[in-house]
Amino acid sequence: MIVHEDVICSFCGCLCDDLTVEVEDNQVKRVKHSCRLGASKLMGHDRIKTPMIRQNGELTEVSYQEAYDKAAEILLRAKHPLLYGWASTVCEAQKKGILLAEEVGGILDSTATVCHGPSVIGIEEKGLAGATLGQVKNRADLLVFWGCNPAEAHPRHTLRYSSNVCGKFTSEGRKCKKVIVVDVRETRTSKNADKFIRLKPGSDYEVISALRMILSGKAEILPDEIGGVSKAELISLVELLKSAKFGALFFGLGVTHSRGRYKNIDNALSLIAELNAQTKFIIQPMRGHYNVAGIGQVAAWETGFPMAIDFSRGMPYFNPGETAACDVLARQDTDAALVIAADPASNFPRSVVEYLAKIPVIQIDPHENPTTFLADVVIPSAVAGIEAEGTAYRMDGMSLRVKKIVESSYPSDEEVVHNIIASVRRLRSNVIVEGGT
Amino acid sequence: MRTIIIRLIHSIQISLEAESISPDKFAPLTLSQINALEIWQGNRKMKLEDFFQVDGDEGSAKTEDMFVRLEGDFSRIKRLVEGMSNGIVEVYGNVGMHAGAKMKGGILRIMGDASDWLGREMQGGKITVSGNVGNYAGSGYRGEKCGMRGGEVEIHGNAGALLGEHMCGGSIFVHGDVGDFPGSLNQGGTIIIGGSTYLPGAEMGNGTITIKGPARLLPSYQQLEIVDIEGIKYRKYVGDLVENGKGELFLAEAQSS
Amino acid sequence: MIIRGGIIYDPTNGIFGEEMDLCIEKGRVVEDAKGEEIDARGLLVMPGGVDAHSHIAGGKVNTGRIMRPDDSRSGVEPRTRVCRPSTGYTVPNCYAIGYRYAKLGYTTAFEAATPIISARHTHEELEEIPIVDKGALTLFGNNWQVMESVRDKDIAKLSAFIAWGLRAARGYGVKIVNPGGGEAWGFGSNVKGIHDTVPNFDITPADIIRGLAQANEMLRLPHSIHLHFNNLGKPGNYATAIETLELLKDIKPSRMRQVVHVAHMQFSAYGGTSWRDFESKAPAIADYMNQNSHATMDMGQLLFGSATTMTADAPLEYSNARLTHNKWSNLDLELEEASGVVPMIYFRKALVNAIQWAIGLELALLTKDSWKVLMTTDHPNGSPFVNYPEVISLLMSKPKRDAEMATLHEQVSKRTVLANVDRELDWGDITVMTRAAPARVLGLEDKGHLGIGADADIAIYDLKPEDVDPSMDYQLVKKAMATTKYTIKSGLIVAKQGEILAVPEGRTYWVDASVPKADMDRLMIDLNEKFEKYYSIRLSNYMVQDAYIPNPAVIKAGLELESGSLVKEVA
């Protein structure tokens with residue numbers, strides 16, 4: 001048995017790096033220190049066994065090379081291919097993905113389109129005042145969880161980084177911290193909060209505006225109730241925020257995907273900037289997939305833009321609302337899709353999935369998921385963080401190198417994309433594909 | 001006047017980028033040169049004649065003497081008349097995204113619906129739409145401080161969300177209803193909304209928004225006096241006070257809630 | 001390869017405009033060579049440019065890109081046979097950085113500020129920057145371990161930590177930004193001067209600066225400490241600048257170089273008590289530089305137009321954001337640093353901006369010895385580096401400066417002395433400030449000159465020094481400096497008349513300093529405790545792995561080596 005220490009969990013954006021994993025006969029036998037979500041991922045589950053191509057409606061086993069060539073052919077034939085996913089794989093694969101998108105003149109987009117895409121647009125309006133999770137651990141005496149539920153979605157966030165951890169200036173842990181939850185419903189997180197503020201659904205923007213008004217001394221202009229919360233309660237909330245030595249606001253999809261979307265984030269970013277005139281405050285999105293932050297970083301340094309990048313004219317063009325995966329699928333403005341480390345068939349609206357079923361789809365994934373059933377080429381890959389190493393970015397932008405702890409006969413995502421690029425280059429020089437880029 | 005008529009002869013699946021369809025581009029060109037103009041369909045560089053039939057007057061003309069008539073469903077054709085500086089363009093049909101973006105002058109008349117980003121970063125000229133428009137009409141580009149700076153947009157139907165976001169000048173008149181957050185982050189300009197809307201003028205620094213139908217207002221607007229404009233009584237508000245804004249918002253009194 | 005007949009400027013080797021052939025083999029300048037010949041008859045030939053202070057890679061830079069799609073959409077160029085697409089102006093993508101430096105004739109660029117904890121990210125970006133050789137300076141000025149060792153007056157342990165930190169970050173040298181201020185920012189405050197107490201650590205910025213300078217020299221690092229002063233960007237801060245430089249006067253350099261390099265002096269040469277009576281104190285700074293020889297500086301020239309300010313001086317960025325009501329990004333990094341990013345437009349018509357513009361030029365022109373002044377714009381804080389040709393033409397031409405001054409607020413000529421400065425730099429000065437001096441300041445022995453054995457990094461400009469009067473023909477100078485006729489990197493033609501022909505991977509310099517094992521052992525006790533209790537990352541996952549430095553160029557330094565093997569001075 002081999003015991004691996006300080007293994008990095010490749011499940012959620014917390015990217016916990018303190019797991020102990022016991023491996024026997026090249027299989028993960030036991031995972032210690034992780035949450036159940038992380039353990040479940042590391043323990044592994046059913047795998048796609050071989051590459052497959054759909055022939056006469058049935059997925060049929062083929063060689064890797066045949067699958068790469070078929071994928072390349074689909075991408076080269078397409079006038080506006082979409083290369084989507086990238087959140088649950090490592091930066092090395094993402095870099096290759098951007099090169100592939102350039103080579104085939106396609107759109108590259110990440111799963112941020114269905115999670116924190118609106119946060120990114122908010123940041124483009126206002127910038128974001130953040131801190132690493134260790135800074136929060138050491139200093140934060142006030143934590144606000146707004147429209148997020150770490151107790152369910154990021155189970156170790158509170159234990160490692162935020163409300164229930166001791167740090168240099170927070171040596172008494174939970175006892176020396178206040179926890180506020182703002183949400184439209186009670187959650188496991190709100191049950192452990194010192195204060196729970198329940199909003200009417202869709203009223204986040206107005207409530208944030210009200211907080212900004214109170215903060216700047218204009219409370220008297222406000223009505224008596226905003227978003228289902230009394231003005232008096234909001235005033236006491238602002239007093240609490242101002243009393244923090246170091247406040248940290250974490251937000252989730254409850255804010256980014258409720259009415260107002262990126263405007264909610266935009267407004268919250270301004271609230272935090274203004275709070276800094278009176279005390280110390282930071283704000284961070286609770287990123288979901290373990291490397292969804294990474295695709296944003298990689299795409300930004302490679303192309304200048306963090307997501308939704310259309311290379312069809314040979315240079316990056318970015319305009320979420322037009323070039324995001326959900327946009328082009330909803331408008332039926334793409335004619336082939338490569339899906340890697342994602343499951344749009346489960347996460348996208350039904351009409352979009354129906355369209356996806358009509359166009360050629362290439363799937364790269366270690367595991368079968370509903371997207372497999374509409375895929376025309378299926379390429380199984382190694383699980384990054386278990387069977388392949390590489391870089392991942394935590395939700396606060398800190399990068400870590402995830403490890404290889406078991407051997408695998410599957411190629412890594414990076415190798416798969418690399419090989420598709422090779423097939424694209426070969427096919428393009430051998431075969432005259434109509435138009436071509 | 002030199003008239004050019006462009007008819008769509010194929011149905012379009014993957015949208016086209018057709019900034020070359022513009023009086024400025026057409027003015028100096030012969031018909032056969034117009035036929036050869038570059039149009040992109042996804043990653044394929046094509047020619048205008050691959051999708052369109054071009055008719056009209058031969059020879060070159062000044063831009064201000066150009067009359068361009070587009071016939072057919074242009075709803076999957078983006079960037080029509082981008083940066084247009086003069087002349088008249090009439091579209092008999094719907095138009096796709098970014099129609100009239102960065103327009104500097106001239107007239108664009110759309111007898112149909114328009115998609116998102118109509119008149120994005122518009123500087124001058126006039127756009128009229130007989131039908132509805134999508135989101136972000138008269139807005140800016142992501143991350144920019146300034147959207148529409150000048151010119152006029154008139155929409156006879158309804159408009160989507162984020163109408164005139166980051167508007168710095170010019171005017172937008174929507175006869176129908178408008179989606180969420182019109183006039184947000186505005187630094188100037190005028191927006192008139194005939195119907196309903198939701199949270200207008202968020203973080204507006206300057207500018208005017210007049211709303212004749214029902215609207216939900218932000219709590220960060222302060223109500224001032226009642227004013228009479230063209231026989232209609234309006235409640236006047238100032239905001240957005242979260243930004244110490246001096247924007248003026250008029251809400252027809254019958255509709256105030 | 002032989003470059004025939006160029007007019008060579010190689011100040012390091014005492015060559016100022018001599019017609020000479022240059023021979024290149026295996027990426028180095030040699031006595032004699034065969035092969036391809038480049039006709040450079042009469043053309044200006046210099047060593048490849050070296051940028052010792054530029055923000056080109058890492059978290060801050062990428063934050064700038066992410067918050068500025070408005071910037072990224074400018075400067076877009078499609079992919080070519082050899083190039084990836086370029087985007088951006090003040091915050092270009094990695095590829096554009098490499099291509100644009102190469103087109104300017106620059107072949108080396110150093111990222112100026114990398115926190116150890118995010119160095120992996122910096123190297124991921126550096127790896128993607130094509131063509132140029134690069135390195136990254138490592139931030140130490142607000143690090144808990146540094147402050148504790150300084151408090152304990154344990155310079156040996158501090159030296160061990162610097163050695164460890166440079167290895168952990170694969171860093172090149174000791175960067176200090178607003179020492180103590182970053183720690184104070186952790187609870188939203190700042191330090192106001194070098195004798196202010198840093199909250200919770202019972203030391204002062206002065207203690208940190210002196211301690212790090214002493215440790216830097218104890219380790220015989222190739223570069224000196226590289227210092228961004230306290231109070232940077234504030235009216236009246238020239239006093240802090242001089243006070244800080246005085247602190248370091250008695251420290252002996254361990255190599256033939258300065259004891260301190262001052263980053264972007266323009267931002268620290270301010271007089272006045274507020275923005276209302278703001279004025280230049282460049283003459284006072286230049287006087288100090290002329291009378292003392294322990295310091296070098298870079299200009300941090302500001303040019304009118306778009307910029308993106310980014311610095312580890314996080315409180316400064318917060319005031320920038322409040323002042324301009326602009327977008328503001330911030331990132332505090334646990335136990336180490338903070339940082340901020342704010343887009344900026346400098347207006348010709350704004351008096352403060354115009355005075356800032358003049359200050360950078362005054363510093364360069366009033367400091368007599370060009371070896372003490374590196375030309376930078378603190379990219380992209382003062383302006384993006386693509387505007388270096390504008391700075392060069394301003395330095396070389398009084399008529400150009402006068403023409404510019406005529407468009408500025410009349411107060412500029414009262415609050416600065418620039419109008420009265422007649423000095424015009426010559427090609428020798430320019431070569432020093434853009435190549436020879438940056439290489440010497442950094443301690444890069446094979447860069448910045450064309451002596452035998454030097455790296456064959458060469459810029460050939462389409463300008464005949466004998467036919468051009470830079471004072472009058474400043475437009476021609478600017479145009480010629482913007483695009484080389486040839487840029488040669490390690491003996492390979494990478495750019496020709498603005499076209500990128502080849503995209504070799506550059507090397508990444510880092511410094512491997514050795515220290516006595518006993519000191520390292522003592523240090524590790526401290527560090528283990530910090531990683532157990534305070535860091536959110538495990539020690540074993542913290543260090544930058546080899547995989548991120550595919551083309552390393554390691555410079556050895558430290559205590560255990562014979563001094564003779566270390567001090568190989570540049571002539």
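Reminder, nothing fancy here: chain letters follow the sequence lines and each chain counts from 1.
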| query | Per the side chain to side chain contact (heavy atoms under 4.5 Å, CB included) rule, which among A:V402, A:I8, A:D18 passes with C:N541? | reply | A:I8
Which portion of [X] sits near chain C, non-hydrogen atoms under 4.5 angstrom:
{"X": "A:F169", "answer": "side chain"}
{"X": "A:C91", "answer": "side chain"}
{"X": "A:Y317", "answer": "neither"}
{"X": "A:T279", "answer": "neither"}
{"X": "A:K168", "answer": "both"}
{"X": "A:E5", "answer": "neither"}
{"X": "A:I98", "answer": "both"}
{"X": "A:T391", "answer": "both"}
{"X": "A:L15", "answer": "neither"}

| A:R139 NZ/CZ over C:F187 ring centroid, <6.0 Å and within 45° of normal | yes
Examine whether an atom of [X] lies under 4.5 Å from a heavy atom of chain A, and if so say whether it belongs to the side chain, the backbone or both; otherwise answer neither.
{"X": "C:R68", "answer": "neither"}
{"X": "C:A547", "answer": "side chain"}
{"X": "C:D70", "answer": "neither"}
{"X": "C:W144", "answer": "side chain"}
{"X": "C:Y548", "answer": "side chain"}

Contact winner vs chain C - [options], heavy-atom pairs under 4.5 Å:
{"options": "A:C166, A:G304, A:G130, A:A129", "value": "A:G130"}
{"options": "A:M315, A:R394, A:K280", "value": "A:K280"}
{"options": "A:K95, A:R401, A:Q284", "value": "A:R401"}
{"options": "A:G397, A:G167, A:P306, A:A273", "value": "A:A273"}

With chain A, which of [options] has the greatest number of heavy-atom pairs at distances under 4.5 Å?
{"options": "C:R538, C:E317, C:E128", "answer": "C:R538"}
{"options": "C:E77, C:E124, C:Q545, C:K530", "answer": "C:E124"}
{"options": "C:P69, C:G188, C:G64", "answer": "C:P69"}
{"options": "C:R322, C:R65, C:R84", "answer": "C:R84"}
{"options": "C:M67, C:R73, C:E336, C:H121", "answer": "C:H121"}
{"options": "C:A321, C:C94, C:A314, C:G186", "answer": "C:G186"}

| query | Between C:S329 and A:L128, is there a donor-acceptor pair closer than 3.5 Å when you use the side chain of the first and the backbone of the second? | reply | yes
| task | Look at the side chain of C:S72 and the backbone N and O of A:F305, then say whether any donor-acceptor pair between them is shorter than 3.5 Å. | result | no
Gap between atom [atom2] of [Y] and atom [atom1] of [X] - 0.5 Å precision:
{"X": "A:E302", "Y": "C:Y95", "atom1": "CD", "atom2": "OH", "value": "3.0 Å"}
{"X": "A:S171", "Y": "C:K533", "atom1": "OG", "atom2": "NZ", "value": "9.5 Å"}
{"X": "C:S536", "Y": "A:L133", "atom1": "OG", "atom2": "CG", "value": "6.0 Å"}
{"X": "C:T122", "Y": "A:W301", "atom1": "OG1", "atom2": "CH2", "value": "10.0 Å"}
{"X": "C:N330", "Y": "A:F281", "atom1": "CG", "atom2": "CZ", "value": "13.5 Å"}
{"X": "A:D396", "Y": "C:L331", "atom1": "CG", "atom2": "CG", "value": "7.0 Å"}

| Hey, is C:K327 close enough to A:E124 for a salt bridge, meaning N to O under 4.0 Å? | no
Considering non-hydrogen atoms only, spot the tightest contact between [X] and [Y] and give its length.
{"X": "A:M398", "Y": "C:I537", "value": "CB-CD1, 4.3 Å"}
{"X": "A:N276", "Y": "C:Y318", "value": "C-OH, 3.3 Å"}
{"X": "A:N138", "Y": "C:L335", "value": "ND2-CD1, 3.6 Å"}

| Which of residues 290-300 of chain A have a heavy atom under 4.5 Å from any heavy atom of chain C? | A:G296, A:Q297, A:A300
| note | Across all chains, not counting sequence neighbours, the salt bridge (charged side-chain N to carboxylate O under 4.0 Å, His left out) partners of A:D17 are A:R160
| task | Flag yes if more than 12 heavy atoms outside C:D202 fall under 6.0 Å of its CG atom; otherwise flag no. | result | no
| Is the number of heavy atoms from other residues, nucleotides or ligands under 6.0 Å of A:K245 NZ greater than 12? | no
